[in-house]
Undergrad: 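Sharing a structure, written as structure tokens. Questions coming.
For the single chain, residues carry numbers from 1 onward in sequence order.
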Amino acid sequence: MINSSICTIGDEILIGQIVDTNSSHFAQALNGIGVRVTRMVSFGDDRQAIISGLERELKENRIVIVTGGLGPTKDDITKPALAELSGSRSVKTDTRQLEIIHRILRSRGLDVLDINAAQADVPDTCEVIPNRLGTAPIMVFRFDAGRFGHSCTLYSLPGVPFEALGAIPDIIDDIRKHYPTDDICHKTVMTYGLAESQLAKLIEPWENALPENIRLAYLPNPLTGVRLRLSIYGGEKAQEDMQIGQQLESLRKILGNHIYAEEDTDLQETVGRLLLKAGRTLSAAESCTGGMISHLITSVAGSSQYYLGSVTSYANSVKENVLGVPSEIIEKYGAVSSECVAKMAEGVKKITGSDYSVATSGIAGPGGGTPDKPVGLVWIGVCSLTGTETFSIVYKNDRKRNIERFAATALDFLRKAIERDLNN
């Protein structure tokens, strides 16, 4: 299997001024063609650090992707560093990139200054892939085995995410032309309701029995649960798919409805698909989640087909006067209670005329808890086709993480209710 490294250049990354998102996109693209990413590294704006760092990466990898440091200003030093690294003695003008520079700047009503045109000047040791989305070209440096012990290629491209992501197809095509790539098989299983440690313990015998060529990764996220990824590298796709399918059959029997999808998705998309399949609608009444459930649901394109709306009933007066929660329920049981969320769910369902509704009331923290109702407690209510159910759970996180978990758990509780109705 071909090894690769992804490098970013710029002090702004090392001081935390910006977040590097390019590397993850490149890693996914490389992985998709069977190229293994061995390392992601960042270099500051120091010429010698860039040269020595890239020499190390090229010695250990056949492919090195470099993003950043290619602007028109004097502090962008990647191009001169690459010229020195590759032994360049002169520059050449790439006329294709120069035409793109003129077109882009004219479209913005700007003059083409010398500093802009100079971006089309590249070391004579590189090939150029035109950057159709920006002014700095994609430079390709190829090294024979005599330099680093094996033939290898360095791709240098701008760090602007819009431009970097737009360059991925061209770079992947070039890699395919110059390197043998392997079949690779990934299968994603989305789970919710089990902590990573609980999940690992539950499936430990199954995991220990996996064939040696299948790798398993745990990828937890508070909003999506624990994503399990099964991978096979370097085999034949048909055989890989069959092997993964056999393992999934066993996994389903162990995890049951803790599995909510067998693709890379999330709870809100899963709930949306179930509602569309059932031809049903949804509403929400939120207290402690403050609109997070509504935000997640409406982040899905097409959610207007099934989502009617919500009431963010943070104050008890809104629970009573808008949702119709009887004051005696709040007085007797409190707002954070099974009785309250049941009435909240029933109230918003009545107001909107939805088929399903979900409600939340809890204590996100950091204050407000009592011995009977600690910080991190949430009550969730769901009105389904068969009636109203409530559920409680306690999370021990900070306020932001608690709210995320409250919302995700509510969606999962709702998901199970819809699946149950569909199966009856």
Undergrad: Does the distance from a Lys or Arg side-chain N to an Asp or Glu carboxylate O, for Glu60 and Arg56, drop under 4.0 Å?
TA: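 Not counted as a salt bridge, because no side-chain N and carboxylate O are separated by less than 4.0 Å.
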Undergrad: Given side chains that start at C-beta, do those of Arg142 and Arg147 come closer than 4.5 Å, heavy atoms only?
TA: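 No - every pair of side-chain heavy atoms lies 4.5 Å or more apart.
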Undergrad: With a 4.5 Å heavy-atom cut-off, do Ile203 and Leu228 have their side chains touching?
TA: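 The answer is yes, as the side chains (C-beta and beyond) meet within the 4.5 Å cut-off.
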Undergrad: Is the shortest side-chain N to carboxylate O distance from Glu404 to Lys400 below 4.0 Å?
TA: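 Salt bridge between Glu404 and Lys400, a charged N being under 4.0 Å from a carboxylate O: yes.
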Undergrad: Is there a donor-acceptor pair closer than 3.5 Å between any side-chain N or O of Lys373 and the backbone N or O of Val336?
TA: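 Flag set: sc Lys373 to bb Val336 pair under 3.5 Å.
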Undergrad: Under the 3.5 angstrom rule, does the side chain of Arg399 hit a backbone N or O of Gly365 as a donor-acceptor pair?
TA: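 Pair found, side chain donor or acceptor close to backbone of Gly365.
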Undergrad: Between Asp266 (side chain) and Thr224 (backbone), is there a donor-acceptor pair under 3.5 Å?
TA: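 Not a single qualifying donor-acceptor pair exists.
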Undergrad: Cut-off 3.5 Å, no hydrogens considered: what does the side-chain donor-acceptor table look like for residues 154-161, sequence neighbours left out?
TA:
{"residue": "Tyr155", "atom": "OH", "partner": "Asp174", "partner atom": "OD2", "Å": "2.5"}

Undergrad: With sequence neighbours excluded, what pairs up with Thr191 under the side chain to side chain donor-acceptor pair (under 3.5 Å) test?
TA: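 Testing Thr191 for side chain to side chain donor-acceptor pair (under 3.5 Å), a comparison that skips the adjacent residues, returns none.
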Undergrad: Run the numbers on Gln97 and Val122 for side-chain contact (heavy atoms from CB on, under 4.5 Å), then give the verdict.
TA: CA-CA 10 Å; Gln97 191 64 47; Val122 298; over 6 Å; no
Undergrad: Can you check side-chain hydrogen bond (donor to acceptor under 3.5 Å, both in side chains) on Asp264 and Thr188, steps first, answer last?
TA: CA-CA 6 Å; Asp264 199 350; Thr188 297; 4.9 Å; no
Undergrad: Atom CG in Leu223, atom CD in Gln268: separation rounded to 0.5 Å?
TA: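 Rounded to the nearest 0.5 Å, the CG-CD separation comes to 7.0 Å.
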Undergrad: Could you walk me through whether Lys319 and Ser361 satisfy the side-chain contact (heavy atoms from CB on, under 4.5 Å) test, starting with their C-alpha distance in whole Å, then the side-chain angles of each, then the deciding distance to 0.1 Å, before giving a yes or no?
TA: CA-CA 10 Å; Lys319 294 178 178 71; Ser361 186; 4.2 Å; yes
Undergrad: Before accepting this row, confirm whether a basic side-chain N of the pair Arg273/Glu269 lies closer than 4.0 Å to the acidic partner's carboxylate O.
TA: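 Result for this pair is yes, salt bridge flagged.
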Undergrad: Quick check: does any side chain N or O of Tyr356 sit under 3.5 Å from a backbone N or O of Ala417, one acting as donor and the other as acceptor?
TA: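 Absent.
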Undergrad: If you count every heavy atom of other residues, nucleotides or ligands that lies below 6.0 Å from Asp111 atom CG, does the total exceed 12?
TA: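 Counting neighbours around CG of Asp111, 12 or fewer heavy atoms of other residues, nucleotides or ligands fall under 6.0 Å, so no.
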Undergrad: Is a side-chain donor or acceptor of Thr409 paired with a backbone partner of Phe406 at a separation under 3.5 angstrom?
TA: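 A pair under 3.5 Å: no.
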Undergrad: Taking the side chain as every heavy atom from C-beta outward, state whether Leu58 and Phe141 have any pair of such atoms under 4.5 Å apart.
TA: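 With C-beta onward as the side chain, the pair stays apart.
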Undergrad: For the side chain of Glu286 and the backbone of Gly291, is there at least one donor-acceptor N/O pair under 3.5 Å apart?
TA: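 Present.
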Undergrad: For the atom pair CD1 (Ile100) and OG1 (Thr135), what is the distance rounded to the nearest 0.5 Å?
TA: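 Rounded to the nearest 0.5 Å, the CD1-OG1 separation comes out at 10.0 Å.
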Undergrad: Under 4.0 Å between a side-chain nitrogen and a carboxylate oxygen: does that hold for Arg132 and Asp170?
TA: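 Yes, charged N to carboxylate O under 4.0 Å.
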Undergrad: Return the CG to CG distance between Leu194 and Leu202, rounded to the nearest 0.5 Å.
TA: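 The CG atom of Leu194 sits 6.5 Å away from the CG atom of Leu202.
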Undergrad: Pick from Ser357, Ser294, Ser283: which one makes a side chain to side chain donor-acceptor pair (under 3.5 Å) with Ser310?
TA: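 Of the listed residues Ser357, Ser294, Ser283, the side chain to side chain donor-acceptor pair (under 3.5 Å) partner of Ser310 is Ser294.
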Undergrad: If you count the non-hydrogen atoms of other residues, nucleotides and ligands that lie under 6.0 Å from CG in Asp114, is the total more than 12?
TA: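 No, not enclosed.
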Undergrad: Within the 4.5 Å heavy-atom criterion, are Met139 and Leu70 side-chain neighbours or not?
TA: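 Touching, per the 4.5 Å side-chain cut-off.
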Undergrad: Just verifying a value: how many Å separate Ser5 OG and Arg39 CZ, rounded to the nearest 0.5 Å?
TA: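 The CZ atom of Arg39 is 5.5 Å from OG of Ser5, to the nearest 0.5 Å.
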Undergrad: Would you indicate whether the side-chain heavy atoms of Leu323 and Val318 approach each other to under 4.5 Å?
TA: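 The answer is no; the side chains never approach within 4.5 Å.
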Undergrad: Any salt bridge between Glu204 and Lys201, counting N to O under 4.0 Å?
TA: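 Salt bridge present between Glu204 and Lys201.
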Undergrad: Between Glu419 and Lys277, does the salt bridge (Lys or Arg N to Asp or Glu O under 4.0 Å) criterion hold? Intermediate values first, please.
TA: CA-CA 10 Å; Glu419 287 179 341; Lys277 181 179 179 180; over 6 Å; no
Undergrad: Measuring from Thr38:OG1 to Asn3:CG, what's the distance to the nearest 0.5 Å?
TA: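 One gets 5.5 Å once the value is rounded to the nearest 0.5 Å.
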Undergrad: Below 3.5 Å, can you tabulate the donor-acceptor pairs from side chains in residues 241-254 to any protein atom, sequence neighbours excluded?
TA:
{"residue": "Gln243", "atom": "OE1", "partner": "Asn213", "partner atom": "ND2", "Å": "3.0"}
{"residue": "Arg252", "atom": "NE", "partner": "Glu262", "partner atom": "OE2", "Å": "2.6"}
{"residue": "Arg252", "atom": "NH2", "partner": "Glu262", "partner atom": "OE1", "Å": "3.0"}

Undergrad: I'd like to know if the side chain of Asp144 pairs up with that of Ser151 as donor and acceptor (distance under 3.5 Å, no hydrogens or angles considered).
TA: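 Not at all, the side chains of Asp144 and Ser151 share no donor-acceptor pair under 3.5 Å.
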Undergrad: Test your reading of the model: is there a side-chain donor-acceptor pair from Lys92 to the backbone of Pro123, 3.5 Å cut-off?
TA: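 Flag not set: sc Lys92 to bb Pro123 has no pair under 3.5 Å.
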Undergrad: Between atom CD of Glu127 and atom CG of Asp94, what is the distance when rounded to the nearest 0.5 Å?
TA: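 Reported value, rounded in 0.5 Å steps: 11.0 Å.
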Undergrad: Does the Asn61 side chain pair with the main chain of Val64, one donor and one acceptor, at a distance under 3.5 Å?
TA: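 Judged by distance alone, no pair lies under 3.5 Å.
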Undergrad: Just by distance, do the side chain of His150 and the backbone of Ala145 share a donor-acceptor pair under 3.5 Å?
TA: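 Side chain of His150 to backbone of Ala145: no pair is present.
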Undergrad: Are the side chains of Leu414 and Leu282 in contact, using a 4.5 Å heavy-atom criterion?
TA: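 They are in contact (side-chain heavy atoms under 4.5 Å apart), so the answer is yes.
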Undergrad: Could you tell me whether the side chain of Asn131 and the main chain of Ile138 form a donor-acceptor pair under 3.5 Å?
TA: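 Answer holds: no.
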Undergrad: Hey, mind stepping through Tyr218 and Glu207 against side-chain contact (heavy atoms from CB on, under 4.5 Å) and telling me if it holds?
TA: CA-CA 11 Å; Tyr218 294 78; Glu207 183 178 356; 2.6 Å; yes
Undergrad: Run the salt-bridge test on Glu389 and Lys416 with the 4.0 Å N-O cut-off and return the result as yes or no.
TA: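 No salt bridge links Glu389 with Lys416.
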Undergrad: Provide the closest heavy-atom pair for Ala407 versus Leu296 in the form atom of the first, atom of the second, distance.
TA: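 Residues Ala407 and Leu296, closest heavy atoms: CB-CD1, 4.1 Å.
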Undergrad: Decide yes or no on side-chain contact (heavy atoms from CB on, under 4.5 Å) for Val37 and Ile6, but give the supporting numbers first.
TA: CA-CA 7 Å; Val37 177; Ile6 302 173; 4.1 Å; yes
Undergrad: Is any NZ, NE, NH1 or NH2 atom of the basic residue among Asp412 and Arg415 found under 4.0 Å from an Asp or Glu carboxylate oxygen of the other?
TA: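 Yes, Asp412 and Arg415 are salt-bridged.
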Undergrad: In plain terms, say whether Glu240 and Lys187 are close enough for a salt bridge, that is, a side-chain N and a carboxylate O under 4.0 Å apart.
TA: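 Between Lys187 and Glu240 there is no salt bridge, as every charged N stays at least 4.0 Å from the carboxylate O atoms.
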